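Here is the naming used below: chain letters follow the sequence lines, and residue numbers restart at 1 for every chain. Source: prediction; values computed, not measured. Note that these values count all heavy atoms, side chains included, but never hydrogens, waters or copies made by symmetry.
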Number of protein chains: 2
Amino acid sequence: MVPNKHDPSRLERICQAKGVKMTGQRRLIARVLSDSEDHPDVEQVYRRAFAIDSEISMATVYRTVRLFETAGVIERRDFGDGRARYEAARGDHHHHLIDLDNGKVIEFRNAELEGLIEAVALELGYRLEGIRLELYGMSAPRSAEEAHTRTKQLQARLAQAVRDRRPR
Amino acid sequence: MVPNKHDPSRLERICQAKGVKMTGQRRLIARVLSDSEDHPDVEQVYRRAFAIDSEISMATVYRTVRLFETAGVIERRDFGDGRARYEAARGDHHHHLIDLDNGKVIEFRNAELEGLIEAVALELGYRLEGIRLELYGMSAPRSAEEAHTRTKQLQARLAQAVRDRRPR
DNA sequence: CTGTAAATGCAAATCATTCGCAGTTGCAGG
DNA sequence: CCTGCAACTGCGAATGATTTGCATTTACAG
Ligand SMILES: [Mn+2]
Ligand SMILES: [Mn+2]
Ligand SMILES: [Zn+2]
Ligand SMILES: [Zn+2]
């Protein structure tokens, strides 16, 4: 493979920082995943990489994606359609809502939710090590104000509930 | 298959009430799932059924389990280990916490959590149609390193168990 | 340069699950 | 009791995602 003389992608830098040995195809895959804003499956990663440099195979994409995941550079997602998806690991842990009409994936993050989930685990006597949360829904147009108000009310109530139930 | 003269299982009654056509092997599978308190995968369902009456095949278990799921009699679970699990549908929708030490599955239910999740979906402009929530935790607080090590060990152990379970 | 370990590409193997098809079964109607 | 047909079943082969064995290539330390 022709050595890549372009500037390293964000993921390539992270790999280097973590001591992951880089090669031409690994750099290519790191670039593809850095540039992807969605949650591509392995075949999509392969296609995007192949489009840039055809010196790449599915087997290598599978191996590299596993390597990157183990190194914590990317994260594997399972949206229930039988294939693994990947995305660059960002600091925040967010969750996903899958639009049942068009398959679009909406990301979200909610501290109350996170806190409540952790409280639930604690109440069961466990220290939370991981969460997998996916929502499936159909787009339902309605007033954003109303939704927001309801959420705030609920969150206030829940915050109290969490406080009440936190041990110690 | 020898007609079953025993009293119908809970799931068999529910199937009948829903107008699902029953046969010998469907009754058998309904009984197995009625009697199961865990979350068996298809192979486990097959083994348990086979132990009662060997006139059953994997293909039929797969077909029946799909039929029952479509009818809403049982529910499919995905614990991320690459195979589907099933359990009788109860009224409550509960979630699962997987013990990283021993693989045990703890069920839980939490109305606040449910409400907050729904509110989140609403705020995103969606009507919630489904939730997938699994928690992974350890029963005693420990260091992150140890947690990771244990997770890896567990995964290796589970993979081996799956391999061992498969004869020939 | 050279030698060696690691990485790659290809094809074959796995694994859970589905499907085609030929034989079987369960009745509805006679 | 028969009969006929649609539904059901078992078997093995197909599927689709993922992994792996192996021969070849690459990276690079010495
Ligand atoms: Mn998370
Ligand atoms: Mn899955
Ligand atoms: Zn995401
Ligand atoms: Zn359950």
Side-chain angles (χ1 to χ4, degrees), chain A residues 1-5 12 15-16 19-30 32 39-47 49-50 52-71 74 76-86, chain B residues 1-5 12 15-16 19-30 39-47 49-50 52-71 74 76-86 155-156 158-168:
Chain A
M1 155 162 292
V2 178
N4 193 336
K5 304 218 163 14
E12 179 177 344
C15 282
Q16 236 143 18
V20 175
K21 190 191 287 188
M22 295 306 281
T23 67
Q25 15 284 83
R26 287 179 184 178
R27 262 183 283 275
L28 177 54
I29 294 169
V32 164
H39 302 81
D41 61 34
V42 174
E43 188 172 346
Q44 287 173 297
V45 173
Y46 169 71
R47 277 210 229 287
F50 188 94
I52 299 174
D53 184 332
S54 65
E55 223 161 298
I56 184 95
S57 73
M58 278 287 264
T60 295
V61 177
Y62 271 105
R63 283 191 274 240
T64 302
V65 118
R66 214 186 340 160
L67 175 74
F68 285 0
E69 192 207 345
T70 302
I74 65 178
R76 186 208 309 254
R77 302 290 177 194
D78 180 355
F79 294 163
D81 57 354
R83 78 196 72 210
R85 316 256 174 171
Y86 293 90
Chain B
M1 156 164 291
V2 178
N4 194 336
K5 305 224 171 355
E12 179 178 345
C15 283
Q16 239 146 12
V20 174
K21 189 191 288 186
M22 295 306 282
T23 68
Q25 16 284 83
R26 286 178 185 180
R27 262 183 282 276
L28 177 54
I29 294 169
H39 303 81
D41 61 34
V42 173
E43 189 174 341
Q44 287 174 297
V45 173
Y46 168 71
R47 278 213 220 290
F50 189 92
I52 299 174
D53 185 333
S54 65
E55 225 159 293
I56 185 94
S57 74
M58 278 286 263
T60 294
V61 177
Y62 269 106
R63 283 192 274 240
T64 302
V65 118
R66 216 190 334 162
L67 176 74
F68 285 0
E69 191 206 347
T70 302
I74 64 177
R76 187 209 308 256
R77 302 290 176 192
D78 180 356
F79 292 164
D81 56 355
R83 75 200 67 224
R85 315 257 174 171
Y86 293 90
Q155 287 178 344
L158 289 175
Q160 188 56 51
V162 169
R163 254 172 267 126
D164 291 346
R165 173 140 42 85
R166 183 173 309 284
R168 221 67 347 127

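Among the atoms of the strands shown, base atoms are found under 4.0 Å from some heavy atom of B:R63.
Between B:Q25 and C:dT25 there is no side-chain N or O to OP1 or OP2 distance below 4.0 Å. Within the structure, a side-chain polar atom (N or O) of B:T60 is placed less than 4.0 Å from OP1 or OP2 of D:dG10. Between B:T23 and D:dT9 there is a side-chain polar atom (N or O) within less than 4.0 angstrom of OP1 or OP2. Proximity of B:Y62 to the phosphate of C:dT17: a side-chain N or O atom is located under 4.0 Å from OP1 or OP2.
As a whole-Å value, the separation of A:Y46 OH from D:dG16 P is 18 Å. What separates CG of A:L67 from C1' of D:dT19 is a distance of 15 Å, to the nearest Å. One interatomic measurement links the two molecules: CZ of B:F50 to P of D:dT9, which rounds to 16 Å at whole-angstrom precision. The CD atom of B:E55 sits 14 Å away from the C1' atom of C:dG26 (whole-angstrom rounding). When the C1' atom of D:dA14 is taken as reference, atom CE of B:M58 falls 16 Å away, rounded to whole Å. Here the C1' atom of nucleotide C:dT17 and the CD atom of B:E69 are 13 Å apart, to the nearest Å. If you measure from atom CD of B:E43 to atom C1' of C:dC15, you get 11 Å, rounded to the nearest angstrom. Atom CD1 of A:I29 and atom P of C:dA7 are 13 Å apart (whole Å).
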Contact list (N/O, under 3.5 angstrom) for nucleotides 28-30 of chain D vs protein:
none

Going through the distances and angles, do A:H39 and A:F79 end up as a ring pair (Phe, Tyr, Trp, His ring centres under 6.0 Å)? CA-CA 10 Å; A:H39 302 81; A:F79 294 163; 5.5 Å; yes
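Counting only heavy atoms from C-beta on, A:R66 has its side chain closest to D:dT19 among D:dT19, D:dG10, C:dC10. Nearest nucleotide to the A:R83 side chain, out of D:dC11, D:dT18, C:dT17: D:dT18. When each of D:dC11, C:dT8, D:dT18 is scored by its nearest atom to the side-chain atoms of B:A59, the top-ranked nucleotide is D:dC11.
Legend: residues meeting ring pair (Phe, Tyr, Trp, His ring centres under 6.0 Å) with B:Y46, ordered by chain and number and at least two apart, are B:F50. Applying the side chain to side chain donor-acceptor pair (under 3.5 Å) rule to A:R63 yields no partners; only residues at least two apart in sequence or on another chain are considered. A:R85 meets the salt bridge (charged side-chain N to carboxylate O under 4.0 Å, His left out) test with A:D81; sequence neighbours excluded. In terms of the side chain to side chain donor-acceptor pair (under 3.5 Å) criterion, residue partners of B:E69 (sequence neighbours excluded) are, by chain and number, B:R76. Under the side chain to side chain donor-acceptor pair (under 3.5 Å) criterion, B:Q16 pairs with no residue, sequence neighbours left out.
A:M22 contributes atom CE, which lies 8.5 Å from atom OG1 of A:T64 (distance to the nearest 0.5 angstrom).
Projected onto DNA chain D by closest heavy-atom contact, B:T64 and A:R76 fall at different nucleotides, the more 5' of which corresponds to B:T64.
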